[in-house]
Amino acid sequence: MMKLKFSYLSGYCGYLLFLQVMMSSEKLMVTTPTRHVLARVGGHAEFSCQVTPLHSVEYMEVRLFKSGHSQPVYLYRGGHGVNGEAAPEYVNRTEFVKDAIGKGRVALRIHNISISDDGLYQCLFSDDSGFIDVASMNLSVTAVGLETQIHVQAPDADGVMVECNSGGWFPQPQMEWRDSRGKTLPPSSKSYSQDEARFFHMKMTLLTNRSQGSIICCIFNPVTGEEKQTSVFLANDLFNQDGIWMTFLVSIACIMLFLFVMYFICFYKSSEHGFGRLHRCLSKLNSWPIQILSLLTCALVLFAVYLPFRIRGKWN
């Protein structure tokens, strides 16, 4: 009977020893629930790291740092945060969350996000036993422009120039023109610039020679898919080139008539024989140089009338 109890006790102890060996041989790993973190400028970003299998990391060293930087974003060691070790640009902007530190899970929040925070981050765990492991996460910072403006320039012989401007975007947004039916219109030009804070300022133009109804300037963020639209209505009156040219020609005719009348009055008052002098003046107008000049003037007027119709026919 004693022999049976001894065998039973030996087997139980051996089983416990086996479990202990198996548990001690389990390899700890650092993981993260997401490898891609998205944050808006002025908001906050949270980096969460987990040691698996579940294992308390209360007395481990936890270090979060940005790739390419020698100083950490935050350093936890000996059961508390270490002051004076963090990079200056992160001081007073971080919050270490350790509610689940007994289960191997911690998080770091970075407040007041700026474009300079965009990039790759790494979460490193280590202890005195020689354990060390790291997990990587990428932070994508986004910003959506606050205001989009459309300017319409005065029409000329080439048509109407429409310009769209918008600033305060990150990363570089995509821009396109659309008509009232949602069809994409090819832009005449696109350009951009970046300010000191790395915000993108966009500019796009469209030259059109016919009424498109409503013209829509569309700008969207390629990371978040957020889109902003601003529209302007181009009235048919902007493209009434015939009216513009006719007004121009009528104005020229009125000016020529006014000058002729003034010329007649001056000659009439300059002499008691005003009509005789006018007769001599009219006889001079019949000379061949004056006739050639008159012919050239008529040709110029006809060309001015024909030109807008020629251009319009080419556009159509």
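These values consider heavy atoms only, across backbone and side chains, with no hydrogens, waters or symmetry-generated copies. Note that the structure is predicted; figures quoted are calculated from it, not measured.
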Sorted by first residue and then second, give each salt bridge (charged side-chain N to carboxylate O under 4.0 Å, His left out) pair with at least one member in residues 34-59; sequence neighbours left out. Arg40-Glu226, Glu46-Arg109

Checking side-chain polar atoms at under 3.5 Å, does His201 have a donor or acceptor matched by the opposite partner on Asp195? yes

For Thr94 and His111, test the side chains for any donor-to-acceptor distance below 3.5 angstrom and give the result as yes or no. no

Check the pair Phe125, Arg63 against side chain to side chain contact (heavy atoms under 4.5 Å, CB included), reporting the backbone distance first and the verdict last. CA-CA 7 Å; Phe125 286 74; Arg63 183 187 299 260; over 6 Å; no

Closest contact, heavy atoms only, Leu28 versus His55: CD2-CB, 4.0 Å

Is a side-chain N or O of Thr32 found less than 3.5 angstrom from the main chain of Ser48, in a donor-acceptor match? yes

How long is the gap from OG on Ser188 to CG on Leu206, to the nearest 0.5 Å? 5.0 Å

How many angstroms lie between OH in Tyr74 and SG in Cys123, if you round to the nearest 0.5 Å? 12.0 Å

Could you tell me if the side chain of Asn165 sits less than 4.5 Å from the side chain of His151, heavy atoms only? yes

Minimum heavy-atom separation for Val141 to Asp118, with atom names? N-OD1, 2.8 Å

Sorted by chain and number, sequence neighbours left out, salt bridge (Lys or Arg N to Asp or Glu O under 4.0 Å) with Lys203 holds for Glu163

List in chain and number order the residues that pass salt bridge (Lys or Arg N to Asp or Glu O under 4.0 Å) with Arg105, two or more places apart in sequence or in another chain; answer none if no residue qualifies. none

Look up atom CG in Leu75 and atom CG in Asn83, then write down how far apart they are to the nearest 0.5 Å. 10.0 Å

Does Lys66 reach the main-chain N or O of Gln122 with its side chain, forming a donor-acceptor pair under 3.5 Å? no

Taking all atoms of both residues into account, what is the closest heavy-atom pair of Leu120 and Ser136, and its distance? CD1-CB, 4.1 Å

Can a donor-acceptor pair be found between the side chains of Ser180 and Ser214 at a distance below 3.5 Å? no

Those residues that, when tested against Glu227, pass salt bridge (Lys or Arg N to Asp or Glu O under 4.0 Å) (two or more places apart): Arg178

To check you understand the geometry: which heavy-atom pair defines the closest contact between Met137 and Cys49, and what is its length? CE-SG, 3.8 Å

Please write out which residues are connected to Phe65 in a hydrophobic cluster, directly or through intermediates, given that two of Ile, Leu, Val, Met, Phe, Trp, Tyr count as joined at side-chain heavy-atom separations below 4.5 angstrom. Leu124, Ile132, Val134

Among Val82, Val57, Val62, Leu108, find the one that has a side chain to side chain contact (heavy atoms under 4.5 Å, CB included) with Tyr76. Val62

I need the minimum non-hydrogen distance between Gly79 and Lys98, along with the two atoms involved. O-NZ, 3.7 Å

Which residues pass the ring pair (Phe, Tyr, Trp, His ring centres under 6.0 Å) test with Phe199, not counting sequence neighbours? none

A quick test of your reading: do over 12 heavy atoms of other residues, nucleotides or ligands sit less than 6.0 Å from OH of Tyr192? no

Return the set of residues passing salt bridge (Lys or Arg N to Asp or Glu O under 4.0 Å) with Arg198 (not counting sequence neighbours), or none when no residue passes. none

What distance do Gln174 atom CD and Cys218 atom SG have between them, rounded to the nearest 0.5 Å? 11.5 Å

For Thr52, what residues pass the side-chain contact (heavy atoms from CB on, under 4.5 Å) criterion, not counting sequence neighbours? Met29, Thr31, Gln50

Once salt bridge (charged side-chain N to carboxylate O under 4.0 Å, His left out) is applied, what residue pairs with a partner in residues 122-139 remain, sequence neighbours excluded? none

Could you state the interatomic distance from NZ (Lys190) to SG (Cys164), rounded to the nearest 0.5 Å? 10.5 Å

Closest heavy-atom pair, Thr148 versus Cys217, reported as atoms and distance to 0.1 Å, is CG2-SG, 4.3 Å

Salt bridge (charged side-chain N to carboxylate O under 4.0 Å, His left out) contacts in which one or both residues fall within residues 70-91, not counting sequence neighbours: Glu61-Arg77

Are a donor atom and an acceptor atom from the side chains of Gln149 and Glu147 found within less than 3.5 Å of each other? yes

Could you walk me through whether Asp117 and Arg93 satisfy the salt bridge (charged side-chain N to carboxylate O under 4.0 Å, His left out) test, starting with their C-alpha distance in whole Å, then the side-chain angles of each, then the deciding distance to 0.1 Å, before giving a yes or no? CA-CA 11 Å; Asp117 295 325; Arg93 286 207 297 138; 3.0 Å; yes

For Phe170, which residues count as a ring pair (Phe, Tyr, Trp, His ring centres under 6.0 Å) partner, sequence neighbours excluded? none

side-chain contact (heavy atoms from CB on, under 4.5 Å) partners of Ala39, counting only residues at least two apart: Ala45, Ile113, Leu139

Under 3.5 Å, is there a donor-acceptor pair between the Ser189 and Thr205 side chains? yes

Min side-chain heavy-atom separation Val41-Thr142 under 4.5 Å: no

